[in-house]
Amino acid sequence: MNKERMLDRFLRYIQIDSETLYERDFAEVLMKELKELGFEVEMDDAGEKTGSNSGNVIAKKKGNKPGKTIMLTAHMDTVTPGKGIKPEIRDGVIYSDGTTILASDDKAGVAAIMETMERLKEENADHADIEIVFSIFEEGGLFGAKNMDVSKLESEYAFVFDSSGDPGQIIVQGPAQYKIDVEFKGKAAHAGVAPETGVSAIMIAAEAISNMKLLRIDEETTANIGSIEGGGPTNIVTDSVKIKAEARSLDNDKLQAQVDHMVKCVKDAQEKYGIEANIKTDLAYSAFKTEEDDEIVKIAKTAMKNAGLEAVLAKSGGGSDTNIYAGKGMKAVNFGVGMKNCHSVDEHIKVEHLYQSCELVYQIVKAALD
């Protein structure tokens, strides 16, 4: 690979602002480069459905040799603060200047895919049909992938480059997640004159939460209360409190049991105090599990070996576009690209990990040949 070009590409990409819902500038750059590399490129209507100023970028290129059609994918959006990123390289590690994120999540994945495509063209290398998807609105809900019409694709296999593990890690299992939103409705009253005529929504919410099993439930299951909102002046008994919570598990039955438990805690508190509680549960994404003997894992392992990496199969506690593509019927795995401390101003990535991820993408393309 051209290491200097790969590094320059990554540094250039992270300095193109693309916070969630504002991916268009980055998408336009990628579409132009993909067309120059001989891809047929389109932008879908996911932006119209999600409120982003961009859709997912979908690119296709016919191969010159028979093989398996594969999809290579990463997401274009970043969390905040992601505007005006100024990268610094210290001792072989890339950081921001400390005022923003770095955006290696997930522009390290994007750069590895794009550099590989340029390398393939430069070397006139053999490859089967290739499909590329650069998704929008991954952060905060995987909405780009959710609104991706996979009937536009011919690929059976989705190779996702969006994990914080080091290159060599293959994520073959990821959890499902439920979002749980609750509004506790109490009764307002003057807290000094007639508090006994009121019902404190704060007390009810506190009781419900205190009865919940939270954080680490078991090795496969977690749950958390993310926020509590409500209340006002101390002289008013609070009549409304809202909580936002989640539950995740690698096991669908365990996940449902945890959600049922949390809902029961809310209903028990509701019944005890005779008030209303509006409960909304929503499956954000399904769990996925790819077996070690699946063809996609065999391709990944072969590519790892040829890239000089030790393949390590792993489970993830977080969701990614991998969950969505697997839920839509594709075989999917996620790869570690080496980004660390993501979603913080301390985010960083080793230069060497950029090179390793790039080589891995190249070897995946070669391993897909018959």
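One is the number of the first residue; the rest follow in order along the sequence.
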Kindly determine whether Asp166 and Lys340 satisfy salt bridge (charged side-chain N to carboxylate O under 4.0 Å, His left out), including the steps that lead there.
-> CA-CA 9 Å; Asp166 290 348; Lys340 305 299 180 188; 3.0 Å; yes
[X] side chain to [Y] side chain, donor-acceptor N/O pair below 3.5 angstrom:
{"X": "Tyr362", "Y": "Glu123", "answer": "yes"}
{"X": "Asp162", "Y": "Asn334", "answer": "no"}
{"X": "Lys86", "Y": "Thr99", "answer": "no"}
{"X": "Ser155", "Y": "Glu131", "answer": "yes"}
{"X": "Asp149", "Y": "Ser151", "answer": "yes"}
{"X": "Thr221", "Y": "Asp218", "answer": "yes"}
{"X": "Asp105", "Y": "His343", "answer": "yes"}
{"X": "Thr50", "Y": "Ser52", "answer": "no"}
{"X": "Asn252", "Y": "Gln256", "answer": "no"}

Tell me whether [X] shares a hydrophobic cluster with [Y], the cluster being built from Ile, Leu, Val, Met, Phe, Trp, Tyr side chains joined at under 4.5 Å.
{"X": "Leu153", "Y": "Phe159", "result": "no"}
{"X": "Val259", "Y": "Ile279", "result": "yes"}
{"X": "Met203", "Y": "Val237", "result": "no"}
{"X": "Val263", "Y": "Ile225", "result": "yes"}
{"X": "Ile16", "Y": "Ile113", "result": "yes"}

Do any pairs count as a side chain to side chain donor-acceptor pair (under 3.5 Å) and have a residue in residues 223-240, sequence neighbours left out, and if so which ones?
-> Glu183-Ser240
So which heavy atom on [X] is nearest to which on [Y], and how close?
{"X": "Thr100", "Y": "Lys83", "result": "CG2-O, 3.4 Å"}
{"X": "Ala176", "Y": "Leu255", "result": "CB-CD2, 3.5 Å"}
{"X": "Glu138", "Y": "Gly319", "result": "OE2-O, 4.1 Å"}
{"X": "Gly82", "Y": "Asp17", "result": "O-OD1, 3.6 Å"}
{"X": "Asp126", "Y": "Lys366", "result": "O-NZ, 3.1 Å"}
{"X": "Leu37", "Y": "Lys61", "result": "O-NZ, 2.8 Å"}

Would you call [X]-[Y] a salt bridge at under 4.0 Å N-O?
{"X": "Glu219", "Y": "Lys254", "result": "no"}
{"X": "Lys264", "Y": "Asp268", "result": "yes"}
{"X": "Glu115", "Y": "Arg119", "result": "no"}
{"X": "Lys280", "Y": "Asp181", "result": "no"}
{"X": "Lys179", "Y": "Asp282", "result": "no"}
{"X": "Glu36", "Y": "Lys32", "result": "yes"}
{"X": "Asp45", "Y": "Lys49", "result": "yes"}

Hey, what's the ring geometry for Tyr13 with Phe26, parallel, tilted or perpendicular (30° and 60° as the breaks)?
-> perpendicular
In Å and rounded to the nearest 0.5 Å, what is the [atom1] to [atom2] distance from [X] to [Y]?
{"X": "Leu309", "Y": "Gln169", "atom1": "CG", "atom2": "CD", "value": "12.0 Å"}
{"X": "Glu48", "Y": "Met43", "atom1": "CD", "atom2": "CE", "value": "10.5 Å"}
{"X": "Asp129", "Y": "Lys62", "atom1": "CG", "atom2": "NZ", "value": "3.5 Å"}
{"X": "Leu102", "Y": "Leu11", "atom1": "CG", "atom2": "CG", "value": "8.5 Å"}
{"X": "Ile89", "Y": "Ile94", "atom1": "CD1", "atom2": "CD1", "value": "5.0 Å"}
{"X": "Lys146", "Y": "Asn323", "atom1": "NZ", "atom2": "CG", "value": "9.5 Å"}

Can you name the one residue among Leu250, Ile324, Ile171 that meets side-chain contact (heavy atoms from CB on, under 4.5 Å) with Phe288?
-> Ile171
Option passing side-chain contact (heavy atoms from CB on, under 4.5 Å) with Asp321 (candidates Asp106, Leu142, Val133) = Leu142
Show the numbers, then the answer: is there a salt bridge (charged side-chain N to carboxylate O under 4.0 Å, His left out) between Arg9 and Glu4?
-> CA-CA 9 Å; Arg9 183 186 300 274; Glu4 181 179 356; over 6 Å; no
Output every pair passing salt bridge (charged side-chain N to carboxylate O under 4.0 Å, His left out) with a member in residues 68-79, not counting sequence neighbours, ordered by first then second residue.
-> Lys68-Glu295, Lys68-Asp370
Please assess Val110 against Leu30 for the test side chain to side chain contact (heavy atoms under 4.5 Å, CB included), listing each intermediate value before the final yes or no.
-> CA-CA 9 Å; Val110 175; Leu30 294 174; 3.8 Å; yes
So Arg12 and Glu33, salt bridge (charged side-chain N to carboxylate O under 4.0 Å, His left out) or not? Walk me through it.
-> CA-CA 13 Å; Arg12 176 165 54 88; Glu33 293 182 3; 2.7 Å; yes
Decide yes or no on side chain to side chain contact (heavy atoms under 4.5 Å, CB included) for Val361 and Phe335, but give the supporting numbers first.
-> CA-CA 10 Å; Val361 177; Phe335 293 98; over 6 Å; no
Is Phe184 close to Val266 at the side-chain level, that is, under 4.5 Å between some pair of heavy atoms?
-> yes
Starting from Val93, walk the hydrophobic network (Ile, Leu, Val, Met, Phe, Trp, Tyr; side-chain heavy atoms closer than 4.5 Å) and list everyone else you reach, by chain and number.
-> Tyr95
Going through the checks in order, is the salt bridge (charged side-chain N to carboxylate O under 4.0 Å, His left out) test met by Glu40 and Lys60?
-> CA-CA 5 Å; Glu40 296 180 5; Lys60 301 179 180 181; over 6 Å; no
State whether the number of non-hydrogen atoms from other residues, nucleotides or ligands found under 6.0 Å of Lys328 atom NZ is greater than 12.
-> yes
Between Ser104 and Glu347, does a side chain to side chain donor-acceptor pair (under 3.5 Å) hold up when you go through it step by step?
-> CA-CA 8 Å; Ser104 58; Glu347 182 185 358; 2.5 Å; yes
Trace of the side chain to side chain contact (heavy atoms under 4.5 Å, CB included) decision for Lys185 with Val199 = CA-CA 9 Å; Lys185 290 184 174 294; Val199 180; over 6 Å; no
Residue pair Ser18, Lys107: steps toward the side chain to side chain contact (heavy atoms under 4.5 Å, CB included) verdict = CA-CA 10 Å; Ser18 61; Lys107 293 183 180 180; 2.9 Å; yes
Cation-pi check, Arg248 onto Tyr178 ring (under 6.0 Å, within 45° of axis) | no
